[in-house]
Amino acid sequence: MNPLYNLLLQLESHIPNFDKTNSRISNSTIGWQIDHCLLVINGVIGQVEISNPTEFKSKFNFNRLIVFTTGKIPRGKIRAPKMVTPISIATAEELNSNIEIAKNKVSKLNNLPKNSFFKHPFLSDLNVKQTEKFLAIHTKHHLKIIEDILK
């Protein structure tokens with residue numbers, strides 16, 4: 001099974017705890033963490049789906065090298081862009097609905113042309129394979145925050 005799909009299942013398993021928070025870890029609830037991940041996954045794959053593969057530009061990016069090599073995003077160093085910042089508190093039903101949308105999008109990702117891409121603000125153009133890797137790293141980052149909130 002696709003690793004990103006498995007991460008979605010992990011996010012889904014935390015929906016019953018969506019209203020929990022721990023101010024020592026984050027001012028956000030678990031629901032916010034899940035909602036943010038889903039906004040990123042659904043938004044990024046949506047951009048990959050409509051991209052023109054002939055416009056993909058592969059170039060060296062130091063930030064991408066660090067993130068992809070370590071498999072980690074430094075906590076608290078980067079603020080989420082407004083377009084992927086939840087503006088209202090999602091309900092469990094909305095989170096479940098968005099999980100299903102994400103599962104559908106993830107299942108289609110590997111059927112796209114390999115140079116379909118997403119323009120990341122810090123990591124430059126990411127082709128399908130790189131996009132999937134980024135989404136997995138990003139989701140793991142937020143799953144770790146969720147786990148820390150629950151401790």
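The residues of the chain are indexed from 1 along the displayed sequence. All values below were derived from every heavy atom in this structure, side-chain atoms included, with hydrogens, water molecules and symmetry-related copies excluded.
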Interatomic spacing from [atom1] in [X] to [atom2] in [Y] - rounded to 0.5 Å:
X: Ile41; Y: Phe134; atom1: CD1; atom2: CZ; result: 9.5 Å
X: Leu150; Y: Thr21; atom1: CG; atom2: OG1; result: 10.0 Å
X: Leu95; Y: Ile30; atom1: CG; atom2: CD1; result: 11.0 Å
X: Leu11; Y: Asp35; atom1: CG; atom2: CG; result: 10.5 Å
X: Leu123; Y: Ile137; atom1: CG; atom2: CD1; result: 8.5 Å
X: Glu12; Y: Glu100; atom1: CD; atom2: CD; result: 6.0 Å

Do the side chain of [X] and the main chain of [Y] share a donor and acceptor less than 3.5 angstrom apart?
X: Thr139; Y: Leu135; result: yes
X: Arg75; Y: His141; result: no
X: Asn61; Y: Phe122; result: yes

Contact check, side chains of [X] and [Y], non-hydrogen atoms, under 4.5 Å:
X: Val44; Y: Gln47; answer: no
X: Ser116; Y: Glu49; answer: no
X: Phe60; Y: Leu65; answer: yes
X: Glu132; Y: Asn110; answer: yes
X: His14; Y: Lys20; answer: no
X: Asn127; Y: Lys114; answer: no
X: Lys103; Y: Ile99; answer: yes
X: Lys144; Y: Lys72; answer: no

* Hey, what's the ring geometry for Trp32 with His36, parallel, tilted or perpendicular (30° and 60° as the breaks)? ->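 Trp32 vs His36 ring planes: parallel.
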Distance-minimising heavy-atom pair for [X] and [Y]:
X: Asp125; Y: Lys57; value: OD2-N, 3.2 Å
X: Asn52; Y: Phe117; value: O-CE2, 3.2 Å
X: Ile15; Y: Ala92; value: CG2-CB, 3.8 Å
X: Gln130; Y: Phe68; value: O-CZ, 3.4 Å
X: Glu94; Y: Ile89; value: OE1-O, 4.1 Å
X: Leu38; Y: Ala102; value: CD2-CB, 3.9 Å

* Kindly work out whether a path of hydrophobic side-chain contacts (I/L/V/M/F/W/Y, heavy atoms less than 4.5 Å apart) joins Ile66 to Leu126. =>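 Cluster IDs for Ile66 and Leu126 differ.
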* If you group Ile, Leu, Val, Met, Phe, Trp and Tyr by side-chain heavy-atom gaps below 4.5 Å, do Val48 and Met83 land in one group? ->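 Yes, same cluster.
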* **Other residues, nucleotides, ligands: >12 heavy atoms within 6.0 Å of Phe62 CZ** =>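 Open.
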* Applying side chain to side chain contact (heavy atoms under 4.5 Å, CB included) between His138 and each of Leu143, Val40, Val67, Val84, report the one that passes. =>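 Option passing the side chain to side chain contact (heavy atoms under 4.5 Å, CB included) with His138: Val40.
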